[in-house]
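Structure, as structure tokens:
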Amino acid sequence: MSIRVRFAPSPTGYLHVGGARTALFNWLLARREGGRFLLRIEDTDRNRSSQEMVDAILEGMSWLGLDWDEGPFFQGEGVERHRADALRLLAEGKAYRDFTAPEELARIREEDPDGATRYPRRQAEALAPGEAEERAAAGEPHAIRFLVPDHRVVEFDDRVHGRTRFPAEAIEDLVILRADGSPTYNLAVVSDDAFMNITLVMRGDDHLSNTPKQILLYEALGYPVPEFAHLPLILGPDGKRLSKRHGATAVGDYEGQGILPEAMVNFLALLGWSPGTDQEVMSRSELVAAFSLDRVVKKSAVFDAEKLRWLNGQHLNRMDGVALASLVLDHLEAGLREPAEAAMETDPAGFGAILDLLITRARSVDDVAMKLRPYLVEEIVYDPGAVKKHWAKRPDEAAGHLEALRERLQGLEPGEWTEARLEEELRGLAEERGIGAGKLIHPLRVALVGEAVSPGIFEVLVAMGPDRSLARMAAGVQWIRRQVAGNA
RNA sequence: GCCCCCAUCGUCUAACGGCUAGGACUCCACUCUUUCAAGGUGGCGGUCGGGGUUCGAUUCCCCGUGGGGGCACCA
């Protein structure tokens, strides 16, 4: 039988990276093994789920490209079944009615946390025969507790941790049906996973101590016990479980920061798993092909945003500029969106070529978007530092070189505006004037992009095209002369 | 307090009981070069402590220490 796994998030309003990693591992395994990946939303009346909260989870999933084969199912839809299961346990004597007031139990817990474990049970046992049924029939509020078998060690082979055992003595008789008749989490999960024929429950380490309770419930209900795999938790830089106070923890946050879903998936996969080779940059399909539970690590891992950014740069580098175009649009500052759309429309290849130049130097989509300005709009902003370094020291020289270069390049036919030819012309001019090529290149760079850094200057020239390049050079010359005149 | 899990560079990780403990991020240097990145080369940096078992422990066992998770009429 092929495996059936599931991801069962509670709708908290966003998909956090821990959940995303759990979802990813389930998805990877299902895809690798040719199994089924189901999605179940753990919506209970208590943390009342709104449609928006559910949508946030689904959006995160689809952004990551984690498609599910069945669902989404909603835990809330199974309440009647959960209740029936609980009542059946009661009828079979595997559960009992507990009339202890919650406040009373809370008080006992405070006084003697250890002794409180069996307190409700002892209370129930002290009841006269038939008393519980009478009081229940009279409408007295009470919870239904599962009767945890004594003298029992619950053992299971966790797919990550190996043989794991829990003495049942330490497990309290958990409530399975509240006084208001609503089923509790541990019962609902067991009932649902059994109902959905889940063969492997893969989830966070934080559920490890729920597992013996659930196994006992499976057994009591007569359902086949699935396999379990408990994934190590993801920690913040301080070694504590990753939470909101560590900053960005929702996958949407990273989307906003210009992280590619491919990079996020790659990074998350490497958090608690390794392919066993030296390869780190991996595509989705490579991950699927390499994934195996045997190579999942037991130790919890610290989320290293710096490495995520590096990995993102690697994926960015492997991307095609044209493919990235529409993504970049979403990260552009206000005034740049329209010209970018126009450029994309009129000359998609040219626009893609510009992106290709920028991609190499970027670690996020934001980086690309930020560098795009000079290629989109006429008005150019000169960075003071760049001006100071390459124009202002010897303004007359800079303007003179720039002017000469402009005149020289102006003579080129459109077909001659190539990297090779441009370099030839520029170096030729430098030689004629008895100067190093840098004396031309640096002022030119400031004129073209307004900054001291850019992609290779000849690439920039080609990407901008003759018209805009020449105009910028002229504008630069003018600007320098005006400044000098102003200072004189 | 009780139960459980975990432990290799700062971080992510590799090493069926056997080469000098390998790779990646970060940092530093060098290189390439028109700048900045990217790339290339090199460097710094680790087996938590103590006992066993063994010819030999990162690896197996025990104890300690440290870290984490759980112990709800939350999920």
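Note that the coordinates shown come from a computational prediction; the quantities given were computed from them, not determined experimentally. Labels below follow one simple rule: chain letters A, B, ... track the order of the sequence lines, proteins then strands, and each chain is numbered from 1.
- Here the two rings, on A/W479 and A/Y382, have centers that are under 6.0 Å apart.
- Atom-to-atom, NZ of A/K388 to C1' of B/U35 comes out at 18 Å; the value is rounded to the nearest Å.
- Across all strands, A/N210 comes closer than 4.0 Å to base atoms (heavy-atom distances).
- Among the heavy atoms of the strands lying under 4.0 Å from A/G272 are primed sugar atoms or P, OP1, OP2 only; no base atom is included.
- Taking the centre of each ring, A/F25 and A/W273 stay at or above the 6.0 Å mark.
- Atom CG of A/D304 is separated from atom C1' of B/C12 by 7 Å (rounded to the nearest Å).
- Counting any heavy atom pair closer than 4.0 Å across all strands shown, A/Q314 reaches sugar-phosphate atoms only and no base atom.
- If you check every strand for non-hydrogen atoms under 4.0 Å, A/S454 touches a base.
- Considering only the side chain of A/E172, B/A72 comes nearest among B/A37, B/A72, B/G67.
- Taking side-chain N and O atoms only, A/R145 has a distance below 4.0 Å to OP1 or OP2 of B/C73.
- You'll find that the side chain of A/H207 is closest to B/A75, out of B/U35, B/C25, B/A75.
- Backbone-only contact: A/G239 has heavy atoms under 4.0 Å from sugar-phosphate atoms and none from a base.
- Figure legend. B/G56 is base-paired to no nucleotide; pairs are counted as Watson-Crick or G-U wobble with both atom distances under 3.5 Å.
- Comparing B/C6 with B/A38, their P atoms sit 38 Å apart, to the nearest whole Å.
- Comparing B/A38, B/C4, B/U35 by their closest approach to the side chain of A/T164 singles out B/C4.
- Counting only N and O atoms by type, the side chains of A/Y119 and A/E172 include no donor and acceptor under 3.5 Å apart.
- Proximity of A/R427 to the phosphate of B/U34: a side-chain N or O atom is located under 4.0 Å from OP1 or OP2.
- Of the possible polar contacts, one joining the A/R468 side chain to the A/Y375 backbone as a donor-acceptor pair under 3.5 Å is found.
- Remark: A/L422 CG to A/L412 CG distance equals 6.0 Å, nearest 0.5 Å.
- Distance CD1 (A/I171) to P (B/C71): 12 Å, rounded to an integer number of Å.
- Counting only distance, with no hydrogens or angles, the side chain of A/T164 and the backbone of A/G162 share a donor-acceptor pair below 3.5 Å.
- Checking A/L271 against A/D98, the closest nucleotide of RNA chain B that is more toward the 5' end is the one next to A/L271.
- With B/C73, B/C4, B/G70 as the choices, the nucleotide that has an atom nearest any side-chain atom of A/L208 turns out to be B/C4.
- The aromatic ring centroids of A/F146 and A/Y96 lie 6.0 Å or more from each other.
- Between A/R421 and the choices A/E425, A/E419, A/E423, the side chain to side chain donor-acceptor pair (under 3.5 Å) rule is met once, by A/E425.
- Ring planes of A/Y254 and A/F303: tilted class, angle from 30 to 60°.
- Among B/A75, B/A72, B/C12, the nucleotide with an atom closest to any side-chain atom of A/S10 is B/A75.
- Of the residues near RNA chain B, A/R165 and A/E459, the one whose nearest nucleotide (by heavy atom distance) lies more toward the 5' end is A/R165.
- Set against B/G69, B/C6, B/C25, the side chain of A/H161 has B/C6 as its closest nucleotide.
- Remark: the separation of the C1' atoms in B/G22 and B/U47 is 13 Å, to the nearest Å.
- Using a 4.0 Å cut-off, no side-chain N or O of A/R163 falls inside it from OP1 or OP2 of B/C4.
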Considering only nitrogen or oxygen atoms on both sides, find all protein atoms under 3.5 Å from nucleotides 40-48 of chain B and state each distance.
none

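- At a threshold of 4.0 angstrom between heavy atoms, the contacts of A/F458 include nucleobase atoms, whether or not backbone atoms are also involved.
- Ring orientation note: the planes of A/Y14 and A/H16 are nearly perpendicular, at an angle over 60° on the 30°/60° scale.
- Residue contacts shown for A/Q75 are limited to sugar-phosphate atoms, with no base heavy atom under 4.0 Å away.
- In this structure, the CG atom of A/N186 is 11 Å from the C1' atom of B/A72, given to the nearest Å.
- Residues of residues 287-302 of chain A that place a heavy atom closer than 4.0 Å to RNA chain B, in numerical order, are A/R295, A/V297, A/K298, A/K299, A/S300, A/A301, A/V302.
- A salt bridge links A/R163 and A/E155; the closest N-O separation between the charged side-chain nitrogens and carboxylate oxygens is under 4.0 Å.
- Comparing B/A75, B/C25, B/C5 against the side chain of A/E306 picks out B/C25 as the nearest.
- One can place CZ of A/F303 at 15 Å from P of B/U26, the figure rounded to the nearest angstrom.
- At B/C25, none of the side-chain N or O atoms of A/R309 fall inside 4.0 Å of OP1 or OP2 (strictly under the cut-off).
- The CH2 atom of A/W310 sits 17 Å away from the P atom of B/A37 (whole-angstrom rounding).
- Among the atoms of the strands shown, base atoms are found under 4.0 Å from some heavy atom of A/P455.
- Nucleotide B/G66 is matched to B/C6 when pairs are restricted to Watson-Crick or G-U wobble geometry with both distances under 3.5 angstrom.
- Spacing of C1' atoms, B/A15 relative to B/G50, comes out at 25 Å, to the nearest Å.
- In this structure, B/G39 forms a base pair with B/U31, meeting either the Watson-Crick or the G-U wobble geometry with both donor-acceptor distances under 3.5 Å.
- Taking atom CD on A/E451 and atom P on B/A37, their separation rounds to 13 Å, with Å as the unit.
- Between the side chains of A/R81 and A/S191, a donor-acceptor pair is found at a separation under 3.5 Å.
- One N or O on the side chain of A/E169 and one on the backbone of A/H151 form a donor-acceptor pair closer than 3.5 Å.
- Taking atom C1' on both nucleotides, B/C44 is separated from B/C30 by 15 Å, rounded to a whole Å.
- Not less than 6.0 angstrom separates the ring centroid of A/Y218 from the ring centroid of A/F195.
- As rounded to the nearest Å, B/A37 and B/C32 have C1' atoms that lie 13 Å from one another.
- One P atom belongs to B/C3, the other to B/G64, and the distance between them is 12 Å to the nearest Å.
- Side-chain N/O atoms of A/R363 include one lying less than 4.0 angstrom from OP1 or OP2 on B/U26.
- Here the nucleotide nearest the side chain of A/K213, chosen from B/C71, B/G69, B/A38, is B/C71.
- Distance noted for atom P between B/C4 and B/G23: 39 Å (whole Å).
- Distance noted for atom P between B/G17 and B/A24: 25 Å (whole Å).
- Taking every side-chain heavy atom of A/H442 into account, B/U34 is the closest of B/C25, B/G70, B/U34.
- Residue A/D278 has its side chain nearest to B/G23 when only B/G68, B/G23, B/C2 are considered.
- To the nearest angstrom, C1' of B/U35 lies 13 Å from CG of A/D383.
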